[in-house]
S.K.: 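Handing you a structure now.
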Amino acid sequence: MEYDFREIEARWQKFWSEHATFKVAKDASRKKYYVLDMFPYPSGAGLHVGHPLGYIASDIFSRYKRLKGFNVLHPMGYDSFGLPAEQYAIQTGQHPALTTEQNIARYRQQMDQLGFCFDWEREVRTSDSTYYRWTQWIFLELFNSWYNPRTDKAEPIETLVKLFSEEGLNLAVSDILTGDIEKELHTFSAKEWNAFTEAQKREVLMHFRLAYLGEAYVNWCPAMGTVLANDEVINGVSERGGHPVERKLLKQWSMRITAYSQRLLDGLETLDWTESIKESQRNWIGRSEGASVRFPIQGLEGSIEVFTTRPDTVFGVSFVTLAPEHELVAKVTTADRRDDVEAYVNTAKNRSERERMADVNTISGVFTGSYVSHPFTGQLIPIWVGDYVLVGYGTGAVMAVPAHDERDYKFAMHFGLPIKQVIEPSREFDLQKEAWTEKEGKVINSDILNGLEVKKAIPRAIDAIEKHGFGKRRINYRLRDAVFGRQRYWGEPIPIYYKDGIPYALSVEELPLTLPEVDKYLPTEDGEPPLARAADWKYQGIYEYEHSTMPGWAGSSWYFLRYMDPQNSSSFASKEETAYWNQVDLYIGGAEHATGHLLYSRFWTKVMFDLGHISFQEPFQKMINQGMILGKSSFVYRINSSNSFVTFSKKGDFETTPIHADISLVDNGKLDIEGFRKWRPEFGGAEFICEEDGSYVCGTEVEKMSKSKYNVQTPDELVEKFGADTLRMYEMFLGPLEQSKPWDTKGINGVHNFLRKLWRLFHDQNGNVIVENGESPKEALKTLHKTIKKMQDDLERFSFNTGVSNFMICVNELTDLKCHNHSVLKELVIMLSPYAPHISEELWTKLGYEAGTVGIQQFPAFNESFLVESSFAYPVSFNGKMRFKAELS
RNA sequence: GCGGAUGUGGUGAAAUUGGUAGACACGCUAGACUUAGGAUCUAGUGCCGAGAGGUGUGCGGGUUCGAGUCCCUCCAUCCGCACCA
């Protein structure tokens, strides 16, 4: 009897499902371990071989941890709100919930056939109202909180109300103001506060809430009719769809993630993540230290505030530049300059992000006609407008020091503005040709700073600026608040209604605010989001609800918490459950979420921690980022303006256009010509210029796996051909988990043959089980123990590829030894069970053990005494002394 | 430009703390067995060389008794960010 994987796998999957083998529950007597996969968006295309890579790894590790005695939480769910379902709904009129449901069913079926040990009773779906009820609840928590810089954490908004009613908002409490709040608010006394109307109070509070409605420059995508977060915009076009994106000032719901900049930065130190992801986050947060300095405007009230990291060069300022969108531009523009400035500002505003980014080398700007006075020297300095200054960063204005900043230098050269050297370069350098931008050298021409080294001059300059009241020390972050509203249908409704134009939050008891039915999934004629179409959808039948919905990252920012207690209907998860399961110990997923999901979910976790809902600050302790599996596309070469195709080696003789051919039509590089003709009607009469042997050879290229490139390999056909255990082991065998690699099935036979060999170790030619009892042969025990040690090490360091290899070596050796000893085989099966669960279960029962229990055995113990004899020692001399190093042979 | 990663046979790769480089697998070569299969078994397979031997981890240098591994310079490829003051 041969290894009949089809029969075996179907039978065990049924058994696991019927016996709820992988159901887990809190168990205080055992240590927990939480292994999480990034949950998928259920797209219509189903899973391709790249998707399960991470799931296989997490499955292996979960099973291993279970063998080690841990109570392992290993759940799965769906990030089921999202654009594609909505787009499909727009095209077909079909409700997104329906397509989503179908796609989930397909995903589930594909995952099931791989034999994962998920506890499906804990499944979550972000689009399910029993789930998004709690997403809305968290939104309310954010809405009803503010960030208190004095305690450095989020607090209920009541503490702020108390503060205002006792102290008001004045200089003494100005330390509670951070970032943008600073600019927009006026001070008031406690008395004034108490006399404020409800509306006035709410307006003030809105500037402090962690979820707030505010005016902000947003990434507006006209093609999609919605706003996008910064990380959803790549090179000035939308991440999904590639539509152009422009900047627009809009009133939007936002998340005050900037309040957490420093804590998000500090928290990274405690995490076991790759340096590259941490670095991406540091970059995104973009902390820089410096000072803000105010330059009084000549002849007008007020001043222009700039942010600089080089206060040491303050005496080298020769002009000040405002961003075109800067609020003071209109005010400082003189009458004779107005036409020029307005023309410039309009051009700059109308350029899309993409255009603006495309030509960063073109220098443009315009003089406003006004001047500021230098705070130290009183010298008059012209005010310019230039689009190299970004409104969203710092104060939207810079003090230009052309001698020591490259962009200021180019601007000054272009417009013939003075360049004043204030740093003596520390090595030979031609200041006539470019700016000396290094933070090195001696300060000159700078009054009180003269003679100081740059590194010492910086703090000295800040001290002087603060002493004279010209400005203050300031840490600036590049991180922007996250826009939270989307003008879309298929997302969580924001639990807010408007009374007299003022936003009010729903109460917790009124949740969930369910998604209403609409006639179409498009914006209304007057540009309102699709939710505005919902007839009679009003709070208490009177007040308008908020019409935008939450972005895709809302539901995914906290899903790991819901898995801990997914059925709970009185809270997002009980305290007992979150205290027990705690942080995710191992998180596996793609690196593409480095700045989006991973940052947002860290932010929400910190807020939840501050408000006392959970006892940990970071969601994911250790993270592994699996590499992408790329597709190998096949190409045929059509001779231009003909229906003839030329084989790869002869294509040089013609003018050709490469066309993707479906990889299922290509075997070993050779095209199935008849299949190709039938594939698409336009190729029906295709002619082929072939190789000498009559075959047509295709060209190949490694690309991202995608439907449109006809290079998608689904796991289904491979499972059908070789079985899930083979596919699982093969995907691990391909190479290091974290490395991207092209998909290639040429080695899959090797893994499949190995499983057959393993099968034969237990069976004779007639299919009878051969298991011997009694004393285990010494040689077999050595092999076994060597393998136990290696397999364990491999698993601990996530080196699943060597794990598979080492297991193969073991089976080869036992086969050579003709070892059928019961106790050796038993431990072999347990060791294999994480990698190939189906065949392990089968062999486990053949060894006479209870079905469904192989996964909860103890991982076999490694016994050194068997290794001592088989190891050899070789001499090593170290620092002149000889010593011996033992190696396991 | 800045940051991160990677570079080892024909191929995927291994080498865990500086200690026999290329395990394991694919592929290939030769043979055995077979009513032919994508089966199994045996032997071989980094490169040069008939051989002894020499040589070899992107290039060049360094530290060391010893370097794929540590340090420096450079090169190539991939990924991320990018007018951030």
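Residue numbers begin at 1 in each chain, while the letters A, B, ... track the order of the sequences.
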S.K.: Which parts of residues 588-595 of chain A get close to RNA chain B, meaning a heavy atom less than 4.0 angstrom away?
M.R.: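 Those residues whose heavy atoms fall under 4.0 Å from RNA chain B, taken from residues 588-595 of chain A, amount to none.
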S.K.: Using a distance-only test with no angle check, is there a side-chain donor-acceptor pair under 3.5 angstrom linking A/Tyr3 and A/Thr726?
M.R.: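 No.
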S.K.: Is the glycosidic torsion of B/G12 within 90° of 0, making it syn, or is it anti?
M.R.: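 B/G12: anti glycosidic orientation.
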S.K.: Please give the distance between the C1' atoms of B/G1 and B/U8 as a whole number of Å.
M.R.: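 Taking atom C1' in both B/G1 and B/U8, they lie 32 Å apart.
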S.K.: Just to confirm, is there a sub-4.0 Å distance from OP1 or OP2 of B/C81 to any side-chain nitrogen or oxygen of A/Gln281?
M.R.: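 So the side-chain polar atoms of A/Gln281 never come under 4.0 Å of the phosphate oxygens OP1 or OP2 of B/C81.
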S.K.: Suppose you measure atom P in B/U34 against the same atom in B/C28; what distance do you get, rounded to whole Å?
M.R.: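 Approximately 24 Å lies between the P atom of B/U34 and that of B/C28.
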S.K.: Would A/Ser364 and A/Tyr344 count as having a side-chain donor-acceptor pair, cut-off 3.5 Å?
M.R.: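 Yes, because at least one side-chain N or O of A/Ser364 sits under 3.5 Å from a partner of the opposite role on A/Tyr344.
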S.K.: Checking A/Thr787 now: which residues fulfil side chain to side chain donor-acceptor pair (under 3.5 Å) with it, not counting sequence neighbours?
M.R.: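 A/Thr787 satisfies side chain to side chain donor-acceptor pair (under 3.5 Å) with no residue once adjacent residues are dropped.
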S.K.: Rounded off to whole Å, could you give me the CD-to-P distance for the A/Glu2 and B/G38 pair?
M.R.: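 After rounding, the gap between these two atoms is 15 Å.
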S.K.: Considering only B/U16, B/A85, B/C41, which nucleotide approaches the side chain of A/Arg797 most closely?
M.R.: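 It is B/U16.
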S.K.: Classify the nucleic acid contact of A/Arg282 as base, sugar-phosphate or nothing, counting any heavy atom under 4.0 Å across all strands shown.
M.R.: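 Here A/Arg282 touches no strand at all.
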S.K.: For the C1' atoms, the ones on B/C2 and on B/U63, what distance do you get once it is rounded to whole angstrom?
M.R.: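 Per the computed distance, 31 Å lies between those C1' atoms.
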S.K.: Is it true that the side chains of A/Glu703 and A/Ser633 contain a donor and an acceptor less than 3.5 Å apart?
M.R.: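 Indeed, the side chains of A/Glu703 and A/Ser633 share at least one donor-acceptor pair under 3.5 Å.
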S.K.: Who are the side-chain contact (heavy atoms from CB on, under 4.5 Å) partners of A/Asp312, not counting sequence neighbours?
M.R.: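 For A/Asp312, the residues satisfying side-chain contact (heavy atoms from CB on, under 4.5 Å) (neighbours in sequence not counted) are A/Arg310, A/Ile423, A/Val454, A/Ala457, A/Ile458.
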S.K.: Which nucleotide in the set B/C81, B/G4, B/A23 lies at the smallest distance from any side-chain heavy atom of A/Ser805?
M.R.: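 Taking heavy atoms from C-beta onward, the closest nucleotide is B/A23.
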S.K.: Rounded to whole Å, how long is the line connecting atom CD1 of A/Ile624 with atom P of B/A5?
M.R.: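 Between P of B/A5 and CD1 of A/Ile624: 15 Å.
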S.K.: Let's see if you can work this out: which of B/C41, B/G4, B/G38 has an atom nearest to the side-chain heavy atoms of A/Lys721?
M.R.: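 The answer is B/G38.
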S.K.: Are A/Arg478 and B/C2 close enough that a side-chain N or O sits under 4.0 Å from OP1 or OP2?
M.R.: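 Checking B/C2 against A/Arg478, no side-chain N or O comes under 4.0 Å of OP1 or OP2.
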S.K.: Ignoring the backbone of A/Pro736, work out which of B/A13, B/A85, B/G4 is nearest its side chain.
M.R.: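 Out of B/A13, B/A85, B/G4, the nucleotide with an atom closest to A/Pro736's side chain is B/A13.
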S.K.: Could you measure between the two C1' atoms, the one in B/C24 and the one in B/G9, and give it in whole Å?
M.R.: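 Result for the C1' pair: 14 Å, nearest Å.
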S.K.: Taking B/A21 as the reference, what is the distance to B/U69 when you measure between their P atoms (whole Å, please)?
M.R.: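 The answer is 14 Å between these two P atoms.
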S.K.: Could you tell me whether the side chains of A/Lys786 and A/Asn806 share a donor-acceptor contact shorter than 3.5 Å?
M.R.: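 Distance-only check fails for A/Lys786 and A/Asn806.
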S.K.: Closest-nucleotide mapping onto RNA chain B: is A/Ala397 or A/Ser799 further toward the 5' terminus? I mean the 5' end.
M.R.: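 It is A/Ser799 whose nearest nucleotide is closer to the 5' end.
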S.K.: Roughly how many Å is it from NZ in A/Lys757 to C1' in B/A39, rounded to a whole number?
M.R.: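 Distance, rounded to whole Å: 13 Å.
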S.K.: Grab the CZ-C1' distance between A/Phe722 and B/G38 for me, whole Å please.
M.R.: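 Taking CZ of A/Phe722 and C1' of B/G38, I get 7 Å after rounding.
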S.K.: Tell me whether the OP1 or OP2 atom of B/C84 has a side-chain N or O from A/Asn283 closer than 4.0 Å.
M.R.: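 For A/Asn283, the contact criterion (side-chain N or O under 4.0 Å from OP1 or OP2 of B/C84) is not met.
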S.K.: Taking atom C1' of B/G12 as reference, at what distance in whole Å does atom CD1 of A/Ile629 sit?
M.R.: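 About 12 Å, once rounded to whole Å.
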S.K.: So, is A/Asn801 near the phosphate of B/G12, with a side-chain N or O under 4.0 Å from OP1 or OP2?
M.R.: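 For B/G12, OP1/OP2 do not have a side-chain N/O of A/Asn801 under 4.0 Å.
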S.K.: Look at the side chain of A/Phe733 and decide which nucleotide, out of B/A25, B/G38, B/A85, has an atom nearest to it.
M.R.: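 When the side chain of A/Phe733 is considered, B/A25 is the closest of B/A25, B/G38, B/A85.
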S.K.: Suppose you measure atom P in B/U29 against the same atom in B/G61; what distance do you get, rounded to whole Å?
M.R.: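 About 40 Å, rounded to a whole number of Å.
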S.K.: Just how far, in rounded Å, is P of B/G12 from CE of A/Met729?
M.R.: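 Checked: the CE to P distance equals 21 Å.
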S.K.: Quick one: A/Met628 CE to B/G80 C1', roughly how many Å, whole number?
M.R.: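 Taking atom C1' of B/G80 as the reference, CE of A/Met628 is at 12 Å.
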S.K.: For a quick check under 3.5 Å, do A/Asn283 and A/Arg478 share a side-chain donor-acceptor pair by atom type?
M.R.: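 Yes, because at least one side-chain N or O of A/Asn283 sits under 3.5 Å from a partner of the opposite role on A/Arg478.
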S.K.: Counting side-chain heavy atoms from CB outward, which of B/A14, B/U40, B/G4 is closest to A/Asn753?
M.R.: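 Within the option list, the nearest is B/U40.
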S.K.: As a test of reading the structure: which of B/U40, B/G4, B/G80 is closest to the side chain of A/Glu275, going by heavy atoms?
M.R.: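 Of the candidates, B/G4 comes closest.
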S.K.: Quick one: salt bridge (charged side-chain N to carboxylate O under 4.0 Å, His left out) pairs with a partner in residues 722-735 of chain A, sequence neighbours left out?
M.R.: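 Salt bridge (charged side-chain N to carboxylate O under 4.0 Å, His left out) check on residues 722-735 of chain A returns A/Asp59-A/Arg728.
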S.K.: Among B/A25, B/U40, B/A85, which nucleotide sits nearest the side chain of A/Met808?
M.R.: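 Out of B/A25, B/U40, B/A85, the nucleotide with an atom closest to A/Met808's side chain is B/A25.
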S.K.: Return one dot-bracket line describing RNA chain B 5' to 3' (Watson-Crick or G-U wobble pairs, both distances under 3.5 Å; ( ) same strand, [ ] crossing, | another strand, . none).
M.R.: (((((((..(((......[....)))((((((.......))))))(((....)))..(.(((..]....))).))))))))....
S.K.: If you assign each of A/Asp816 and A/Asn749 to its closest nucleotide in RNA chain B, which residue comes earlier from the 5' end?
M.R.: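 Taking each residue's closest nucleotide, the earlier one in sequence belongs to A/Asn749.
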S.K.: Does a side chain donor of either A/Gln262 or A/Tyr477 reach within less than 3.5 Å of an acceptor in the other side chain?
M.R.: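 Yes, because at least one side-chain N or O of A/Gln262 sits under 3.5 Å from a partner of the opposite role on A/Tyr477.
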S.K.: For A/Glu406, report the nucleic acid contact type (base, sugar-phosphate, nothing); a contact means any heavy atom under 4.0 Å.
M.R.: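 Nothing: the residue A/Glu406, judged by heavy atoms under 4.0 Å, touches no strand.
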S.K.: Any chance you could lay out the side-chain contact (heavy atoms from CB on, under 4.5 Å) test for A/Thr321 and A/Tyr388, step after step, and finish with the verdict?
M.R.: CA-CA 9 Å; A/Thr321 316; A/Tyr388 78 96; 3.2 Å; yes
S.K.: Taking B/C78 as the reference, what is the distance to B/U16 when you measure between their P atoms (whole Å, please)?
M.R.: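 Comparing P positions in B/U16 and B/C78 gives a spacing of 29 Å.
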S.K.: Within this structure, what is the CD1-to-C1' distance between A/Ile809 and B/G22, rounded to whole angstrom?
M.R.: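 So the two atoms are 13 Å apart, to the nearest Å.
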S.K.: Between the side chains of A/Asp794 and A/Ser799, is a donor N or O closer than 3.5 angstrom to an acceptor N or O?
M.R.: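 The criterion, which ignores hydrogens and geometry beyond distance, is not satisfied for A/Ser799 and A/Asp794.
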S.K.: Describe the nucleic acid contact of A/Asn806 in one word from base, sugar-phosphate, nothing, applying a heavy-atom distance below 4.0 Å.
M.R.: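 The answer is nothing, as A/Asn806 stays clear of every strand by at least 4.0 Å.
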S.K.: With respect to the side chain of A/Tyr393, which nucleotide from B/A13, B/A85, B/G38 is positioned closest?
M.R.: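 Nearest to the side-chain atoms of A/Tyr393, counting from C-beta on, is B/A85.
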S.K.: Test: salt bridge (charged side-chain N to carboxylate O under 4.0 Å, His left out). Region: residues 732-743 of chain A. Which pairs qualify, not counting sequence neighbours?
M.R.: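 Listed once each, the pairs would be none.
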S.K.: I'd like to know if the side chain of A/Glu305 pairs up with that of A/Ser292 as donor and acceptor (distance under 3.5 Å, no hydrogens or angles considered).
M.R.: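 Yes, A/Ser292 and A/Glu305 have a side-chain donor paired with an acceptor closer than 3.5 Å.
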S.K.: With respect to the side chain of A/Thr802, which nucleotide from B/A85, B/A15, B/G4 is positioned closest?
M.R.: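 Among the listed nucleotides, the one closest to the side chain of A/Thr802 is B/A15.
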S.K.: Between B/A15 and B/A32, how far is it from one P atom to the other, in whole Å?
M.R.: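 Each nucleotide's P atom is 39 Å from the other's.
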